[in-house]
There are 2 protein chains.
Amino acid sequence: MSHSRLPTRQSAEIRQAEMVQAVLHLAARQEPASITTTEIAKVVGLSQGAVFRHFPNKQAIWLSVAQWLTANLLPLIQTAAQSSPNPLTSLANIYCTHLQFVQENPGVPRFIFHELQQPNDSPIKQEVASMLQTYSGILIGVLQQAKASQQALPNLDERSAATLFIGSIQGLVMQAMLQGSTATLEPMSLGVWDLYLSAIRQHA
Amino acid sequence: MSHSRLPTRQSAEIRQAEMVQAVLHLAARQEPASITTTEIAKVVGLSQGAVFRHFPNKQAIWLSVAQWLTANLLPLIQTAAQSSPNPLTSLANIYCTHLQFVQENPGVPRFIFHELQQPNDSPIKQEVASMLQTYSGILIGVLQQAKASQQALPNLDERSAATLFIGSIQGLVMQAMLQGSTATLEPMSLGVWDLYLSAIRQHA
DNA sequence: TATGTTAGTAATTAATTACTAACAAGGTAG
DNA sequence: CTACCTTGTTAGTAATTAATTACTAACATA
């Protein structure tokens, strides 16, 4: 009979990163609120007690996830925002980048929604909220450029346009959740993007 | 010293309805996943055990909430869809009706998202999914009318337009959750609606 | 008034949860 | 070789959860 093999010892830094990935992996298939430390430990391949060697409490894990999100999504969006001299092209690239990120990390939309739902202003919610704030800011900047170059409607309300941008992706995500997989994201995404463009563009 | 007064006895039907309302009331301020039978009982003014006099288990309560949602939201949307000979006006009325419903029942978006998140196909998720399916169907019908009367783009993809419609509201809800109240819904809603209209309308 | 049904309670249960404590072993500096 | 810090385990804890139990009061009606 074989004992379960002892895990190779890893540095705290590595274990922390593994647990953040474990949470995202689990969030892809279940409600974030229902993720337990036991499940996280099992995914990483450690005992439940080991979780608390690397995080003081469960909240700290979630905060790490939020920080991972900020550190990984925002640079992608930033880069996409500056990817073209044409603001509308940049906007399209942000859209694609965001969708690709969601497809590669299906747990992310659930995590975000889960945290925004919280009534209290935990550090976690603040982190997520400020991330979305920054995201919106980037969008508004690109939209202003589009307006300045007369590619967008001259009376465009950038804040509403940013809300609709994020909402359009949210709508696709909901559609995907209805079917139960992120496979549905791709086919619909082009049609929705065409509509968004039609909403803000200066029509001939 | 006074004992806590005995509650006036009510019929099972009334109690069930009260508990559904209690869940929606609680969902307005906290995650649906974290709502306990003890909290529900407290809101209704009964003991925790009494909850199971009227529902066989917790799942049955959530199913009742889903059924309440179908029975109350869909007729409103149906009526709004037929409220005007002008399809674009009807669409605007659906938009307003939906937003007003969300404002009066802030727990509803959370409940829907909570259920769609579930990986398994529970009766609850099926109920919510079919409700949204019907909703989409109504939207697509009105959009087809708009296309037929040449008020919408002739090459409009109705399914994408329906997804963007729901997404636009979802975006507003997210914005409101960022602030922590549904108060933010109203001011932004007009700007987002103008954009949506601009997306689907046949431009002069 | 007697009897059966319905709607309530308080107390308890088994399971699950986040978290802790005592101990073991790997790796490395002195 | 040894002292020590880090990373791991196992075996607990207290708290909370949905659900069940035994029992009681209110109500309807023959």
Side-chain angles (χ1 to χ4, degrees), chain A residues 1-23 26-27 30-66 111 114-115 118 120 122-124, chain B residues 1-23 26-27 30-66 111 114-115 118 120 122-124:
Chain A
M1 55 192 98
S2 63
H3 297 74
S4 59
R5 251 207 357 295
L6 286 175
T8 57
R9 286 166 60 96
Q10 299 289 341
S11 71
E13 206 177 349
I14 288 179
R15 288 299 189 208
Q16 284 170 12
E18 284 179 345
M19 291 186 195
V20 166
Q21 285 308 306
V23 167
L26 289 166
Q30 68 188 271
E31 253 188 305
S34 74
I35 296 174
T36 66
T37 54
T38 306
E39 288 176 300
I40 296 171
K42 188 174 285 182
V43 171
V44 177
L46 297 178
S47 68
Q48 190 247 355
V51 170
F52 295 92
R53 285 275 153 221
H54 304 295
F55 287 103
N57 51 45
K58 203 186 177 187
Q59 288 259 316
I61 307 178
W62 296 100
L63 182 57
S64 269
V65 174
F111 176 80
H114 170 258
E115 282 311 320
Q118 311 289 17
N120 53 341
S122 67
I124 311 165
Chain B
M1 57 190 88
S2 66
H3 298 72
S4 59
R5 249 208 0 296
L6 287 175
T8 57
R9 286 166 56 98
Q10 298 291 341
S11 72
E13 207 178 348
I14 288 179
R15 287 301 189 206
Q16 284 171 11
E18 283 179 346
M19 291 187 194
V20 166
Q21 285 307 307
V23 167
L26 288 167
Q30 69 189 272
E31 253 187 307
S34 73
I35 298 174
T36 65
T37 54
T38 305
E39 288 175 300
I40 297 171
K42 187 174 287 182
V43 170
V44 177
L46 297 178
S47 68
Q48 188 250 348
V51 170
F52 295 92
R53 286 281 143 203
H54 304 295
F55 288 103
N57 51 45
K58 204 186 177 189
Q59 288 259 316
I61 306 178
W62 297 100
L63 182 56
S64 269
V65 174
F111 176 80
H114 170 258
E115 282 311 321
Q118 311 288 18
N120 53 341
S122 66
I124 311 164

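Residue numbers start from 1 in every chain, and the chains themselves are labelled A, B, ... in the order their sequence lines are given, proteins ahead of strands.
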Does a nitrogen or oxygen in the side chain of A:H54 sit under 4.0 Å from OP1 or OP2 of D:dG8? yes

Residue pair A:W62 / A:S122, side-chain heavy-atom distance below 4.5 Å: no

Among D:dG8, C:dA7, D:dT10, the nucleotide that comes nearest once only the side chain of A:R15 is considered: D:dG8

Using whole Å, report how far CD1 of A:I40 lies from P of C:dT17. 11 Å

Can a donor-acceptor pair be found between the side chains of A:E31 and B:H114 at a distance below 3.5 Å? yes

So, using side chain to side chain contact (heavy atoms under 4.5 Å, CB included) as the criterion, who are the partners of B:Q30 when residues are at least two apart? B:L26, B:S34, B:I35, B:E39

Give me the atom names and distance for the closest heavy-atom approach of A:F52 to A:N57. CE2-CA, 4.0 Å

In short, salt bridge (Lys or Arg N to Asp or Glu O under 4.0 Å) pairs touching residues 14-23 of chain A with sequence neighbours left out are A:R15-A:E18

So if I take residues 31-39 of chain B and measure heavy-atom distances to DNA chain D, which residues fall below 4.0 Å? B:I35, B:T36, B:T37

Does a donor on one side chain and an acceptor on the other come within less than 3.5 Å for A:Q48 and A:T37? yes

Give the rounded distance in Å between these two atoms: CG of A:L46 and P of C:dG26. 16 Å

Restricting both atoms to N or O, compile the protein contacts to nucleotides 20-24 of chain C shorter than 3.5 Å, with distance only.
{"unit_1": "C:dA22", "atom_1": "N6", "unit_2": "A:R53", "atom_2": "NH2", "d": "3.1"}

So do the side chains of A:I40 and A:V23 get within less than 4.5 Å of each other, counting heavy atoms only? yes

Calculate the interatomic distance between B:Q10 atom CD and C:dG8 atom P; express it in whole Å. 7 Å

For residues 57-65 of chain B, which residues have at least one heavy atom under 4.0 Å from DNA chain D? B:N57, B:K58

Please name the pair of heavy atoms, one in A:S47 and one in A:A41, separated by the smallest distance, quoted to 0.1 Å. O-CB, 3.5 Å

Show the nearest heavy-atom pair for residues A:V51 and A:M19, with the distance to one decimal. CA-CE, 3.8 Å

Using five pairs at either end of the helix from C:dT1-D:dA30 to C:dG30-D:dC1, determine the angle between the two local helix axes and round it to 10 degrees. 10°

Do the side chains of B:F55 and B:L63 get nearer than 4.5 Å, heavy atoms only? no

For B:M19 and C:dA7, what is the distance between atoms CE and P respectively, to the nearest whole Å? 11 Å

